[in-house]
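Order of listing sets the numbers, starting from 1, for every ligand and every atom in it. Since the structure is predicted, the reported quantities are computational estimates derived from the model, not experimental observations.
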Amino acid sequence: MALDQETFAQMKETVSRWVRERLVPAEDTVEETNEVPEEIIQEMREMGLFGLSIPEEYGGIGLNMEQECEIIHELCQASLSFRSVIGTTVGIGSQGLVMTGTEEQKQQYLPRLATGEISSSFCLTEPDAGSDAASLRTTAIRDGDEYVLNGTKRYITNALRAGMLTVMARTDPDKKGASGVSAFVVDPKTPGITIAKADDKMGQRGTKTSDVIFEDCRVPASTLLGGEEGQGFYTAMKVLDRGRLHLSSVSTGISERILQEGVNYAAERKQFGKAIGEFQLVQAMLADSQADLYAGKSMTLDAARRFDAGEEISMLAACCKMFTTEAAGRIADKAVQIHGGAGYMSEYKVERFYRDVRLLRLYEGTTQIQQMVIGRSLIKAASA
Ligand code: COS
């Protein structure tokens with residue numbers, strides 16, 4: 001599935017203009033209020049942004065991965081909180097359902113997700129299961145035509161606004177690892193579910209994460225994703241492979257914006273009688289950032305094209321996620337450096353972006369988890 005080239009080019013141009021004209025001017029409001037304005041969320045709905053990755057037959061736009069990466073790159077040239085509003089619905093929250101859901105499950109949620117009437121969240125992480133996702137403890141015990149869910153999910157993005165949760169829980173507590181885990185598509189209004197208050201974070205104000213607590217929460221057996229027990233961890237891993245490409249575009253998008261902030265400042269700021277951009281040591285910082293950005297964009301689009309061609313991309317997605325998120329950290333650090341003392345002041349955007357991008361190296365698998373995925377894959381291939 002993909003949008004034809006001409007329609008896609010128009011869409012990309014529209015998003016790019018909207019980002020410059022609507023989102024960038026609203027960045028300070030988001031920072032001050034810790035909310036993305038409702039009228040902007042409504043515009044996102046009207047532009048179809050919630051449905052980017054949902055197939056056309058369910059009311060979405062049905063972009064392929066390469067196109068999704070390009071749109072997300074454009075969208076992330078403004079504060080990352082804007083992307084986050086649609087991020088979980090476009091990415092990890094809905095894709096388990098798209099990949100493995102039954103027709104009935106898809107019909108129940110995808111059309112409403114595509115229009116943005118509801119959002120979705122991905123409930124994998126727990127207080128004691130972060131990087132070691134296969135050790136999750138939330139249980140879903142079968143009882144007649146129902147499952148009873150108990151456990152706590154942590155740092156769940158957009159849970160407060162979600163109308164659908166993809167929940168990974170252990171249906172077979174006797175099986176300790178991956179194979180005892182199943183996935184469910186759950187309505188957060190179900191009795192027994194509490195969405196806790198939003199967490200306080202270092203950055204990305206306007207993005208809300210919270211605990212989701214299940215206490216004897218009874219859901220119909222029909223909420224078991226794909227109708228098959230024991231598949232939840234594998235689905236989560238496939239969703240994360242794809243999510244890591246999406247996140248790589250988040251990283252390159254915001255990196256491009258941050259680099260531009262550095263370039264603009266270097267061109268304007270004068271010291272020793274000339275613009276600081278005339279000095280080679282400042283140019284060196286800009287050059288390193290530009291090369292990081294170019295490399296990140298190129299590898300992300302290459303991996304996305306391979307994904308679209310049906311290739312196995314787990315290892316490449318981990319390479320992209322590791323490289324682009326680390327690069328975003330380097331680029332933000334250099335942009336602060338180029339700004340000098342001004343870079344430490346909240347009056348300048350780079351101070352905020354520096355905090356915002358720190359999260360990229362942590363969520364959807366830390367850099368160290370990506371290294372592990374890459375290293376294991378290389379060794380496995382060598383010993384096959
Ligand atoms: N696609 C499909 N299946 C996969 C997979 C993938 N990308 N990665 C692993 N699997 C399968 C393995 O093949 C294995 O299958 P079997 O049970 O048949 O042997 C099973 O899943 C367990 O894999 P593995 O042995 O590699 O599991 P580990 O617990 O050692 O490690 C990692 C898995 C570390 C890669 C995983 O836990 C992970 O990605 N952790 C980070 C979690 C994360 O990103 N959290 C962010 C939360 S969302 S913001």
Side-chain angles (χ1 to χ4, degrees), residues 65 80 83-84 87-96 99-100 120-138 151-159 162 165-172 174-183 199 201 204 207-212 225-226 228-248 250-251 303 306-307 310-322 325 358-381 383-384:
M65 197 64 219
L80 294 181
R83 191 283 322 184
S84 196
T88 49
T89 299
V90 171
I92 54 179
S94 73
Q95 289 304 301
M99 287 177 191
T100 67
S120 63
S121 292
F122 181 72
C123 301
L124 175 66
T125 300
E126 298 182 359
D128 294 314
S131 291
D132 184 8
S135 72
L136 65 85
R137 289 193 198 158
T138 296
T152 299
K153 296 293 177 178
R154 182 136 292 174
Y155 310 142
I156 305 304
T157 305
N158 286 333
L165 305 172
T166 303
V167 183
M168 267 53 69
R170 199 166 285 289
T171 36
D172 188 345
D174 295 333
K175 283 193 190 153
K176 291 294 168 223
S179 61
V181 176
S182 303
D199 302 311
K201 307 188 299 315
Q204 297 209 14
T207 302
K208 302 287 168 66
T209 64
S210 30
D211 279 8
V212 178
L225 187 60
E228 204 181 336
E229 287 192 4
Q231 293 303 308
F233 186 80
Y234 310 111
T235 301
M237 290 297 112
K238 281 187 248 160
V239 165
L240 282 172
D241 283 344
R242 192 185 174 288
R244 286 166 187 166
L245 293 180
H246 176 108
L247 214 53
S248 299
V250 172
S251 304
R306 290 170 186 272
F307 178 89
E311 286 183 38
E312 213 293 300
I313 50 86
S314 300
M315 195 260 271
L316 296 183
C319 290
C320 293
K321 207 273 180 180
M322 175 182 76
T325 60
R358 190 63 187 81
L359 179 61
L360 300 173
R361 291 146 65 189
L362 305 173
Y363 63 178
E364 294 194 30
T366 59
T367 293
Q368 289 65 36
I369 288 297
Q370 312 308 326
Q371 289 172 321
M372 200 172 104
V373 170
I374 299 162
R376 276 186 186 181
S377 169
L378 292 172
I379 296 300
K380 193 172 157 197
S383 51

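Sorted by first and then second residue, the pairs that involve residues 128-137 and meet salt bridge (charged side-chain N to carboxylate O under 4.0 Å, His left out), not counting sequence neighbours, are Asp128-Arg137. The list of salt bridge (charged side-chain N to carboxylate O under 4.0 Å, His left out) pairs with a residue in residues 359-374, not counting sequence neighbours, reads Glu326-Arg361.
A heavy-atom distance below 4.5 Å is found between the side chains of Cys320 and Leu245.
Proximity of atom 36 (C) of ligand 1 to the protein is indicated by at least one non-hydrogen atom lying closer than 4.0 angstrom. Distances from atom 12 (C) of ligand 1 to the protein include no heavy-atom value under 4.0 Å.
Any N or O atom pair closer than 3.5 Å counts here, and Asp132 shares no such pair with ligand 1. Considering backbone and side-chain N/O of Arg244, one or more are found under 3.5 Å from N/O of ligand 1.
The proximity of Leu240 to ligand 1, defined as any non-hydrogen pair under 4.0 Å, is limited to the side chain.
Ranking protein heavy atoms by distance to atom 9 (C) of ligand 1, first place goes to Met237 CG, 4.0 Å. The nearest protein atom to atom 30 (O) of ligand 1, hydrogens excluded, is given as Arg376 NH2, 2.9 Å; this is a heavy-atom distance. Counting only heavy atoms of the protein, atom 16 (P) of ligand 1 lies nearest to Tyr234 OH, 3.7 Å.
At least one heavy atom of Ser131 sits closer than 4.0 Å to an atom of ligand 1.
Atom numbering of ligand 1 starts at 1 in the shown order; those under 4.0 Å from a heavy atom of Met372 are 34 (C).
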